[in-house]
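Working notes, structure below.
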Amino acid sequence: MAITQREQGDYYGAQETSLEALRCLDIKNTKHGIYLSTIYNNLAISVYELKDYEQAIKFYDTAIKYSDDSTSTQIYMNNLARAQHEQKDYKKAIDIYSKVLRKEKRGSSEYARTLANYAQAMWLNDNSYNPLVAYFEAFHIRAKLNDLWGLNSSYARFSDYYLKINRDSSLYYANKQYAIAKKINSADDEIKALERLIKVGSTDSVTFYFNQYKLINDSIQQARAAAKNQFALIRYEVEKNKAENLRLEKENAEKQNRLIRQRVITGASLFLLILVAGGGTLWYKRRKQRLELEAENKVKETQLHLSKKIHDVVANGIYRVMSEIEHNEDVDRDGVLDKLENMYHQSRDISHNVEQQTITEIPYNEQLASLLKSFAADHRRVLIAGNDAEQWIDVSKRIKEEVKHVLQELMVNMKKHSQAEQVVVRFEKLDQQLTIYYKDNGVGMPAEKSQGKGLANTVSRIESLGGKIIFVSEPGKGLSITTNIPL
């Protein structure tokens, strides 16, 4: 965004955004060098365009320090020399240009650019020096390469050189620059060409050139103002969202406090209710023996159902958030808060013994991708295939919910026990049957783990859908699981 701002003429905004980008990088990490050099070069160009050449020199020096690419370094050095040039420190500029020239390939566009810059600095440093030989050599290289931007620069150099020597020649080259600037659609270069034409043009043509200059200049200013406003609006929206997130965070804390108070009251009420129910049960023991037995079975069923919900929603959900925080250096604070709020709503629904409701309208395939990818880490890759949005269009809500819980259980079990470095999950829907293939390269599943509570719940869920789940484990070679669910 900083580079785009600079290209649109928002030089102050480009500096602000570049400095923001620097805070995302580590100067001690060698892999960040290419990004650091790019950012400092962007900063240097921005302040250069604002004519702060001293600061531009400092930024170019830093860009060169972090650059590990010879081509980029040559460009940064050429830019540094231009800044020294504008500071009128021609000797330093000439010294840098000389070093760059020795490394550039003769006949390349980069060689032509540096040669022209070198000749101009030599001429400005010593009026007796004739830059035309170097200017024409650079011009012929650019013409041969059809380098229109380079030719634009050459025509400008010729016009400036002849300004005080031969006004007709200066006018000729200014006209050539104006024509090519329009061809490459460079409004800034059109402005510079018109400035030259106004200086050397005839009295009759000056008015025309001035009107063109004013028209283009006004358009440039309007375009740059629009660009600044666009990025200002983006920054405003970001800050507004931050404020809204802080408000929601406060509301969530208040809701949690109310929930705790509500649970204390509910617990006391439930205790009294148990005492009354116990006394009533003893009194009606013989008369309602059959009803008591049915009630007892129902309570056990409810407890089992709630236990499974708490295990799937709260325990595995918290484990998943812990995993994300553990394996990500840059924690997405808003994302973690969203997941915790989602678990809060789901746990509240469990306490009221009602069907869980989806809190956010996130597409189901994205929910699955987010769930599975949350178990990825520096030492573990998670690969997903067949998880397209169209895959889930005709699948019922119940199957989707059970599949999500089953996958979460499998991934939690994988992270705890498997020591896997790679996990592959593939979805396939064919002939009214959904098949889920799971494969990891971990240590496999010991026999004593096959009857664990989590995996038992997994088998129970699939069977409740009329499906089958097959575990194939080879100790030391990983675990394969195939799940078939009729649709």
Side-chain angles (χ1 to χ4, degrees), residues 301 304-305 307-309 311-313 315-317 319-320 342 346 355-376 380-418 420 422-442 444-445 447 449-475 477-487:
E301 183 181 348
L304 178 61
H305 180 65
S307 175
K308 289 173 67 178
K309 280 193 173 183
H311 177 271
D312 292 330
V313 174
N316 281 344
Y319 193 88
R320 176 184 167 196
N342 188 37
Q346 291 178 322
E355 188 66 20
Q356 297 178 22
Q357 302 293 322
T358 302
I359 303 304
T360 54
E361 292 299 326
I362 300 174
Y364 183 74
N365 66 311
E366 293 183 16
Q367 294 181 40
L368 283 188
S370 176
L371 166 66
L372 296 172
K373 286 297 184 182
S374 67
F375 289 89
R380 185 189 306 116
R381 297 176 62 199
V382 176
L383 307 177
I384 307 168
N387 185 31
D388 302 316
E390 296 78 8
Q391 191 83 290
W392 304 99
I393 291 176
D394 299 322
V395 180
S396 69
K397 180 180 178 181
R398 183 184 172 215
I399 291 178
K400 289 180 181 178
E401 285 299 314
E402 296 295 347
V403 165
K404 188 160 63 173
H405 288 313
V406 166
L407 288 174
Q408 181 166 264
E409 183 62 49
L410 293 179
M411 296 302 284
V412 168
N413 185 72
M414 174 277 298
K415 184 177 186 296
K416 287 182 177 178
H417 307 296
S418 76
Q422 180 166 291
V423 180
V424 179
V425 181
R426 181 166 63 87
F427 303 90
E428 182 176 287
K429 189 170 70 172
L430 185 65
D431 297 331
Q432 291 301 302
Q433 177 171 282
L434 175 66
T435 303
I436 303 172
Y437 300 96
Y438 169 95
K439 171 71 177 173
D440 68 43
N441 64 348
M445 184 172 64
K449 292 292 184 180
S450 62
Q451 299 301 320
K453 185 176 180 181
L455 292 180
N457 284 344
T458 299
V459 174
S460 175
R461 287 184 182 280
I462 297 302
E463 290 179 347
S464 71
L465 298 173
K468 293 183 180 180
I469 183 166
I470 302 170
F471 295 82
V472 178
S473 175
E474 296 183 58
K477 294 185 179 181
L479 175 65
S480 297
I481 303 171
T482 302
T483 305
N484 297 310
I485 303 171
L487 301 178

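Keep in mind the model is a prediction, meaning the values are calculated, not measured. Any value given below was found using the heavy atoms of this structure, including those in side chains, with hydrogens, waters and symmetry copies removed. Residue numbers run from 1 in the order of the sequence given.
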Seminar exercise, completed: One should read off an interatomic distance between Asp394 CG and Leu434 CG, to the nearest 0.5 angstrom, of 11.5 Å
Exercise. Is there a side-chain contact between Tyr437 and Ile481, using heavy atoms and a 4.5 Å cut-off?
Worked result: no
Exercise. Which atom names give the shortest non-hydrogen contact between Asn387 and Asn365, and what distance separates them?
Worked result: ND2-O, 2.8 Å
For this session: Any chance you could lay out the side-chain contact (heavy atoms from CB on, under 4.5 Å) test for Ile485 and Thr483, step after step, and finish with the verdict?
Result: CA-CA 7 Å; Ile485 303 171; Thr483 305; 4.0 Å; yes
Exercise. Rounded to the nearest 0.5 Å, what separation is found between the CZ atom of Phe375 and the CE atom of Met414?
Worked result: 6.5 Å
Problem set entry | Glu463 side chain reached by Ile469 side chain, heavy atoms, under 4.5 Å | no
Problem set entry | Distance in Å, Lys404 NZ paired with Ile399 CD1, rounded so as to fall on 0.5 Å steps | 14.5 Å
Problem set entry | Counterpart residues, salt bridge (Lys or Arg N to Asp or Glu O under 4.0 Å), relative to Arg381 (two or more places apart) | none
Exercise. In this structure, are over 12 heavy atoms from other groups packed under 6.0 Å from Lys468 atom NZ?
Worked result: no
Problem set entry | Validation row: Leu479, Val472 side chains within 4.5 angstrom (heavy atoms) | no
For this session: Kindly give the heavy-atom pair with the smallest separation between Ser473 and Met445, and that separation in Å.
Result: OG-N, 2.7 Å
Exercise. Hey, which of Leu371, Asn413, Thr458 is the one that makes side-chain contact (heavy atoms from CB on, under 4.5 Å) with Gln408?
Worked result: Leu371
Problem set entry | CG on Asp440 to NZ on Lys415, rounded to 0.5 Å | 14.0 Å
For this session: Evaluate the side-chain contact (heavy atoms from CB on, under 4.5 Å) criterion for residues Leu430 and Thr435: first the C-alpha distance (whole Å), next the side-chain angles of each, then the deciding distance (0.1 Å), finally the verdict.
Result: CA-CA 8 Å; Leu430 185 65; Thr435 303; over 6 Å; no
Problem set entry | Partner residues of Glu428 under the salt bridge (Lys or Arg N to Asp or Glu O under 4.0 Å) criterion, sequence neighbours left out | Arg426
Problem set entry | Spacing of Phe427 atom CZ and Leu368 atom CG [to the nearest 0.5 Å] | 5.0 Å
For this session: Kindly say whether Ala389 contributes a backbone atom to a donor-acceptor pair with the side chain of Tyr364 at under 3.5 angstrom?
Result: no
Exercise. Are any side-chain N or O atoms of Lys439 and backbone N or O atoms of Ser480, one a donor and one an acceptor, separated by less than 3.5 Å?
Worked result: no
For this session: Report yes or no: does Gln433 contribute a side-chain atom to a donor-acceptor pair with the main-chain N or O of Asn484 at less than 3.5 Å?
Result: no
For this session: Output the distance between atom NE2 (His405) and atom NZ (Lys400), rounded to the nearest 0.5 Å.
Result: 14.0 Å
Problem set entry | Within-4.5 Å side-chain heavy-atom neighbours: Ser396 and Glu402 | no
For this session: Taking the side chain as every heavy atom from C-beta outward, state whether Val459 and Asn457 have any pair of such atoms under 4.5 Å apart.
Result: no
For this session: Under the side-chain contact (heavy atoms from CB on, under 4.5 Å) rule, what do Met411 and Leu372 come out as? Steps first, then yes or no, please.
Result: CA-CA 7 Å; Met411 296 302 284; Leu372 296 172; 3.7 Å; yes
For this session: Starting from the C-alpha separation in whole Å, work towards a yes-or-no answer on side-chain contact (heavy atoms from CB on, under 4.5 Å) for Glu409 and Val406.
Result: CA-CA 5 Å; Glu409 183 62 49; Val406 166; 5.8 Å; no
Problem set entry | Residue pair Leu407 / Ile436, side-chain heavy-atom distance below 4.5 Å | yes
Seminar exercise, completed: Scanning both residues in full, the closest heavy-atom pair of Asn441 with Gln422 reads OD1-N, 3.0 Å
Exercise. Does Val423 reach the side chain of Leu383, with side-chain heavy atoms less than 4.5 Å apart?
Worked result: no
